[in-house]
Amino acid sequence: MIADLVRRGLLAASGSARLKAFALRLPATAALVARFVPGERVEDCIAAVRRLAADGLRASIDVLGEDTTSPALAEAVRDAYLGLLSRLEEEGLAATAEVSVKLTALGLALPGGRELALAHAREICAAAARAGTTITVDAEDHTTTDATLGILAELRRAYPDAGGVLQAYLHRTLDDCVLLAGPGSRIRLCKGAYAEPAEVAHQTREEVSTSYVACARTLLAGEGYPMFATHDPEMVAAVGELALRHGRAPGSYEYQMLYGIRSDEQRRLAAAGHTVRVYVPFGTDWWGYLVRRLAERPANLLFFLRALFSR
């Protein structure tokens with residue numbers, strides 16, 4: 001119960017400009033950010049992806065930022081992705097790295113934002129195809145789910161390998177898994193990382209874990225390519241057991257984890273023959289991302305507190 005309350009409090013803090021300003025003044029913050037975000041420049045990201053590839057790990061790269069406030073900023077995010085994809089191709093990393101894209105960063109929340117975000121996403125898909133890779137359209141808070149899945153469906157008409165994300169804590173997600181478990185469908189299943197009301201989302205760890213297993217079972221029983229984003233040892237084990245039951249060989253699904261979290265486990269799974277993809281964020285807009293990471297795993301918060309009080 002206490003853990004759930006702490007989690008909800010941290011998720012609420014992810015949108016606080018005042019708390020961000022306070023955190024920036026703490027010496028511990030820089031160390032914590034460096035653990036979860038390889039840097040602010042594309043060069044930092046490329047270096048991280050190259051290190052992961054050397055360990056047999058794939059990457060999904062996120063240019064940090066969401067809830068873009070103007071068309072010009074949405075264009076800047078699009079251009080950042082186009083530049084990133086060009087660099088991945090130049091560096092010979094496109095075979096092991098894709099990009100993850102938040103539609104609000106491309107202007108979804110602006111007036112006329114659906115068409116704007118769709119147009120930008122199409123350009124990013126085209127650039128990814130030219131580079132020899134693809135994109136995954138990230139999930140955001142529940143108010144964007146219908147628009148996000150609608151845009152994903154439109155993107156898949158021309159780019160069928162475009163991936164999507166479903167969040168197990170939403171009550172609707174099991175039904176969405178049924179709809180999106182068809183042939184060739186790339187779906188990342190995560191637990192969920194936004195503060196959501198009880199009317200739309202499970203609130204306890206136990207409820208979310210139960211939903212995650214049910215959703216995983218549905219995706220593995222389907223004909224798509226499921227991608228299981230979790231650091232929870234119980235969920236990792238459950239996915240492995242379900243995959244065996246459904247005759248899924250390694251390579252017909254993958255595990256995904258975040259940069260800086262359970263790196264040893266990432267390498268262990270890869271060494272055992274599994275496809276493992278690491279979510280690599282970079283850029284200056286790291287506050288919301290960082291606080292959601294603290295909310296997801298109490299050990300992350302303890303790491304921060306130890307760093308804070310050791311100075």
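For the numbers below, each heavy atom of this structure counts, side chains included, while hydrogens, waters and symmetry mates do not.
Closest approach of L174 and A214 over heavy atoms only: CD1-O, 3.7 Å. Here the closest non-hydrogen pair linking A121 and L103 is CB-CD2, 4.2 Å. When all heavy atoms are compared, the tightest approach of Y255 to V236 is OH-O, 3.2 Å. Contact between A80 and V63 at its shortest, heavy atoms only, is CB-CG1, 4.1 Å. Minimum heavy-atom separation, P197 to H142: CD-CE1, 4.0 Å. Across all their heavy atoms, I261 and F36 have their closest contact at CG1-CE2, 3.5 Å.
With hydrogens and angles disregarded, no donor-acceptor distance shorter than 3.5 Å links the side chain of T148 to the backbone of A139. No side-chain donor-acceptor contact under 3.5 Å links Q167 to the backbone of L189. Checking side-chain atoms of Q203 against main-chain N and O of E196 turns up a donor-acceptor pair under 3.5 Å. Using a distance-only test at 3.5 Å, with no hydrogens or angles considered, a donor-acceptor pair links the side chain of T230 to the main chain of D232. Checked by atom type and distance alone, the side chain of Y159 never pairs as donor or acceptor with a backbone atom of A128 at under 3.5 Å. The main-chain N or O of G224 is never found under 3.5 Å from a side-chain atom of S185 such that the two would form a donor-acceptor pair. Without hydrogens or angle criteria, E89 side chain to G132 main chain gives no donor-acceptor distance under 3.5 Å. Side chain of S211 to main chain of E207: no donor-acceptor pair is present (N/O by atom type, distance under 3.5 Å, no hydrogens or angles).
For E115, there are no side-chain hydrogen bond (donor to acceptor under 3.5 Å, both in side chains) partners at least two apart in sequence or on another chain. By the side-chain hydrogen bond (donor to acceptor under 3.5 Å, both in side chains) test, Q256 is found to be paired with R188, E254, residues two or more places apart in sequence or in another chain being considered. Taking H171 as the reference, H202 meet the ring-ring contact (aromatic ring centres under 6.0 Å, His included) condition, with sequence neighbours excluded. For S252, there are no side-chain hydrogen bond (donor to acceptor under 3.5 Å, both in side chains) partners two or more places apart in sequence or in a different chain. Residues forming a side-chain hydrogen bond (donor to acceptor under 3.5 Å, both in side chains) with E75 (at least two apart in sequence, or on another chain): none. In this view, R186 and E98 satisfy the salt bridge (charged side-chain N to carboxylate O under 4.0 Å, His left out) rule, not counting sequence neighbours.
In the hydrophobic clustering (ILVMFWY side chains linked at under 4.5 Å, chained through shared members), V165 stands by itself. M227 belongs to a hydrophobic cluster whose other members, connected by ILVMFWY side-chain contacts under 4.5 Å either directly or through intermediates, are Y225. Grouped with L244 in a hydrophobic cluster is no other residue, since no side-chain heavy-atom contact under 4.5 Å to another Ile, Leu, Val, Met, Phe, Trp or Tyr is found. Side-chain contacts under 4.5 Å among hydrophobic residues (ILVMFWY), followed directly or transitively, place L110 together with L116.
Applying the salt bridge (charged side-chain N to carboxylate O under 4.0 Å, His left out) rule to pairs touching residues 146-164 yields R114-E154, R122-E154, D146-R172, sequence neighbours excluded.
Tracing side-chain contacts under 4.5 Å through hydrophobic residues (I, L, V, M, F, W, Y), one never reaches I124 starting from L73; they form parts of separate clusters. Following chains of ILVMFWY side-chain contacts shorter than 4.5 Å, one cannot reach L64 starting from V101, and the two form parts of different hydrophobic clusters. Residues L166 and V213 fall within the same hydrophobic cluster, defined by Ile, Leu, Val, Met, Phe, Trp and Tyr side chains chained together at heavy-atom separations under 4.5 Å.
Side-chain contact between E234 and S209: absent, with no pair of heavy atoms (C-beta onward) separated by less than 4.5 Å. Residues L242 and R245 meet the side-chain proximity criterion, which asks for heavy atoms closer than 4.5 Å. By the 4.5 Å heavy-atom criterion applied to side chains, T218 and C215 are not counted as neighbours. A heavy-atom distance below 4.5 Å is found between the side chains of D176 and L149. No side-chain heavy atom of V276 sits less than 4.5 Å from a side-chain heavy atom of R267. Side-chain atoms of R41 and F282, non-hydrogen and from C-beta on, never get closer than 4.5 Å to each other. Taking the side chain as every heavy atom from C-beta outward, V280 and V37 never approach each other to under 4.5 Å.
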Name every donor-acceptor pair, under 3.5 Å, that has one atom in a side chain of residues 45-55 and the other anywhere in the protein, sequence neighbours excluded.
residue	atom	partner	partner atom	Å
R50	NH2	E91	OE1	2.7
R51	NH2	Y259	OH	3.4

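Of the inter-residue distances, the one linking C190 atom SG with F228 atom CZ reads 12.0 Å to the nearest 0.5 angstrom. Here CZ of R78 is found 12.0 Å from OG1 of T68. Values are rounded to the nearest 0.5 Å. Distance check, rounded to the nearest 0.5 Å: CG of L258 to CZ of R277 gives 13.5 Å. Annotation: the span from L170 atom CG to T173 atom OG1 amounts to 4.0 Å, rounded to 0.5 Å.
With respect to V99, the side-chain contact (heavy atoms from CB on, under 4.5 Å) criterion is satisfied by exactly one of L84, D62, D138, T133: L84.
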Step by step, work out the side chain to side chain contact (heavy atoms under 4.5 Å, CB included) result for L269 and T275. CA-CA 8 Å; L269 289 167; T275 300; over 6 Å; no
Stepwise side chain to side chain contact (heavy atoms under 4.5 Å, CB included) check, Y169 with K191: CA-CA 6 Å; Y169 68 172; K191 286 188 174 181; 5.8 Å; no
Assess whether side chain to side chain contact (heavy atoms under 4.5 Å, CB included) is satisfied between Y279 and M257, documenting all intermediate values. CA-CA 6 Å; Y279 191 89; M257 295 186 183; over 6 Å; no
CA sep, side-chain torsions, deciding dist, call: L118, L155, side chain to side chain contact (heavy atoms under 4.5 Å, CB included): CA-CA 8 Å; L118 175 58; L155 292 173; 3.9 Å; yes
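Note: H274 and Y253 have tilted aromatic rings, judged against thresholds of 30 and 60 degrees for the angle between ring planes.
One side chain, T143 or D141, offers a donor N or O that lies under 3.5 Å from an acceptor on the other. A donor-acceptor pair shorter than 3.5 Å can be found between the side chains of S100 and S60.
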